[in-house]
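Inspection log for the structure reproduced underneath, given as structure tokens.
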Amino acid sequence: MILLLIIAGIGVVTLLVVLFAPHIRYAAGRKCKSTARLDGKTVLITGANTGIGKETALDLAMRGAQVIMACRDVEKGEEAAASIRAAYSKAQVEVRELDLADSCSIRAFAQKFLREVDRLHILINNAGVMMCPYMKTIDGFEMHIGVNHLGHFLLTYLLIGLLKRSAPARIVVVSSLAHNFGWIRFHDLHSQGSYNSGLAYCQSKLANVLFARELSRRLKGTNVTVNSVHPGTVNSDLTRHSTLMMILFTVFSTFLKTPKEGAQTSVYCAVAEELQSVSGQHFSDCTPAFVAPQGRSVETARRLWDASCEQLGLEWD
């Protein structure tokens, strides 16, 4: 009986949305107004084969940047690159294989990158997974914290020297409003005791915010800035692991951002002239955004940094 009521409720809401969609003006968010050019600049974007990553790649390529699209699925990456070239014939885009769920892949990617690319001005840690069933990375990490945080932590560590040598440089970490509902479970970082896909996702997004803030503190005086962003609620394939989320996103698609709209804050933090010396902040809709108390904790950020180094076998002072 309850199931029938839920189905009927969804049906009614869907009907109302369809009927009134033409009359609804949803908040698409602010657009990056900067006209900054990136000629001669090199940009690396993870997860650039789809969604906001692809739109970010297109925008920055249109500004003249050489954009390297780091993708787990190279075939899909090449399709995305081809569509970017079709939209902008002068686009300088290149696809390289990177699996953030495998530290060997990350190290191989970085080794080849450092051997072949002599400058890196913008790193956008964009790739991510959301609400997966319980899975582990090749290295045995829970998938959310492993890909969304530890994978990008390792990648940034391996490329930080090049970023410093290319300064002024910027790092953009794509987080989420979901960080507000996250807590770093140091006693069970990989959810071996209990697992909830939503909470695991929130923990990883909080880790993104804490990483950006702690890295910013450590990069003072280097002319390399790092900020985190909330792209908004974007209608993309990030919800592919959750049937319920896919249904809800389909029903309420009118109220969601398109990938292009969702990419605006990443683009803003990557190019805006007024952010040249701004670091350690969190942005949404191209403006400074609220950070949850647990995301502002210096102690938690430092503890997470140490735990991440221990998990990955790094010494990063």
Side-chain angles (χ1 to χ4, degrees), residues 28 31-32 34-102 105-106 108-130 147-148 151-152 155 159 162 170-174 229 231-232 234-241 246 249-250 253 256-271:
K31 183 177 180 180
C32 176
S34 172
T35 59
R37 295 288 302 172
L38 296 176
D39 302 283
K41 303 293 186 181
T42 302
V43 178
L44 173 60
I45 307 173
T46 65
N49 62 296
T50 187
I52 66 174
K54 177 183 173 183
E55 292 294 339
T56 302
L58 172 59
D59 187 292
L60 301 187
M62 292 178 69
R63 295 172 185 267
Q66 176 191 3
V67 179
I68 298 171
M69 305 165 65
C71 308
R72 181 179 60 83
D73 190 323
V74 174
E75 183 177 349
K76 289 184 178 179
E78 292 291 358
E79 291 175 0
S83 70
I84 289 173
R85 295 188 193 102
Y88 181 62
S89 61
K90 296 181 181 179
Q92 302 176 66
V93 289
E94 174 189 346
V95 177
R96 295 193 177 213
E97 184 176 4
L98 172 65
D99 185 354
L100 289 163
D102 181 354
S105 173
I106 299 170
F109 170 90
Q111 185 178 38
K112 186 172 187 289
F113 189 93
L114 292 171
R115 187 169 61 246
E116 300 176 351
V117 181
D118 61 359
R119 294 176 299 174
L120 179 59
H121 303 96
I122 300 171
L123 169 62
I124 301 181
N125 290 333
N126 167 81
V129 294
M130 177 180 178
V147 170
N148 297 355
H152 282 120
L155 178 66
L159 299 180
L162 182 58
R170 303 187 189 192
I171 301 170
V172 179
V173 181
V174 178
V229 305
V234 181
N235 194 0
S236 70
D237 65 352
L238 190 61
T239 60
R240 61 188 178 277
H241 294 292
M246 288 179 66
F249 272 46
T250 299
S253 60
L256 306 180
K257 289 184 177 182
T258 65
K260 182 177 181 179
E261 291 162 348
Q264 294 304 302
T265 306
S266 292
V267 171
Y268 173 73
C269 286
V271 306

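Residues take their numbers from the sequence shown, with the count starting at 1. Heavy atoms only: backbone and side chains are in, while hydrogens, waters and symmetry mates are out.
Panel note: side chain Glu261, backbone Thr258; a donor-acceptor pair is recorded below 3.5 Å.
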Name every donor-acceptor pair, under 3.5 Å, that has one atom in a side chain of residues 51-61 and the other anywhere in the protein, sequence neighbours excluded.
residue: Lys54; atom: NZ; partner: Ser83; partner atom: OG; Å: 3.1
residue: Thr56; atom: OG1; partner: Ile52; partner atom: O; Å: 2.6
residue: Asp59; atom: OD1; partner: Arg63; partner atom: NE; Å: 2.6

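Proximity of Val173 to His152: side-chain heavy atoms (C-beta onward) are nowhere separated by under 4.5 Å. Within the 4.5 Å cutoff, side-chain heavy atoms of Leu44 are placed close to those of Phe109.
For Cys32 against Val267, the heavy-atom pair with the smallest separation is SG-CG1, 4.0 Å. Across Arg96 and Phe113, no two heavy atoms sit closer than the pair NH1-CA, 3.7 Å. Listed here is the closest heavy atom pair of Val95 and Gly77: CG2-O, 3.4 Å. Residues Ile45 and Ala48 come closest through the heavy atom pair O-CB, 3.8 Å. Thr46 approaches Asn126 most closely through the heavy-atom pair OG1-N, 2.9 Å. The two residues Leu98 and Ile106 come nearest to each other via the heavy atoms CD1-CA, 3.7 Å.
Once rounded to the nearest 0.5 Å, the distance linking OG1 of Thr42 with CD of Glu94 reads 10.0 Å. Of the inter-residue distances, the one linking Asn49 atom CG with Glu75 atom CD reads 11.0 Å to the nearest 0.5 angstrom. With rounding to the nearest 0.5 angstrom, the CD atom of Gln66 is 8.0 Å from the CZ atom of Arg119. The line from CD1 of Ile122 to SG of Cys269 is 11.0 Å long, rounded to the nearest 0.5 Å. One finds the CG atom of Leu162 at 6.0 Å from the CG atom of Leu114 (value rounded to the nearest 0.5 Å). Atom CD1 of Ile84 sits about 12.5 Å away from atom CD of Gln92, to the nearest 0.5 Å.
Heavy-atom neighbours of Glu97 CD from other residues, nucleotides or ligands within 6.0 Å: at or below the threshold of 12. Under a cut-off of 6.0 angstrom, the local environment of CD in Glu116 is crowded, with over 12 non-hydrogen atoms contributed by other residues, nucleotides or ligands.
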(request) Determine, stepwise, if the pair Ile171 / Asn125 fulfils side-chain contact (heavy atoms from CB on, under 4.5 Å). (result) CA-CA 8 Å; Ile171 301 170; Asn125 290 333; 4.2 Å; yes
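For Ala101, the side-chain contact (heavy atoms from CB on, under 4.5 Å) criterion is met by Asp99, Thr137, Met143, Val147, not counting sequence neighbours.
Under a 4.0 Å N-O distance rule, the pair Glu78/Lys76 does not qualify as a salt bridge.
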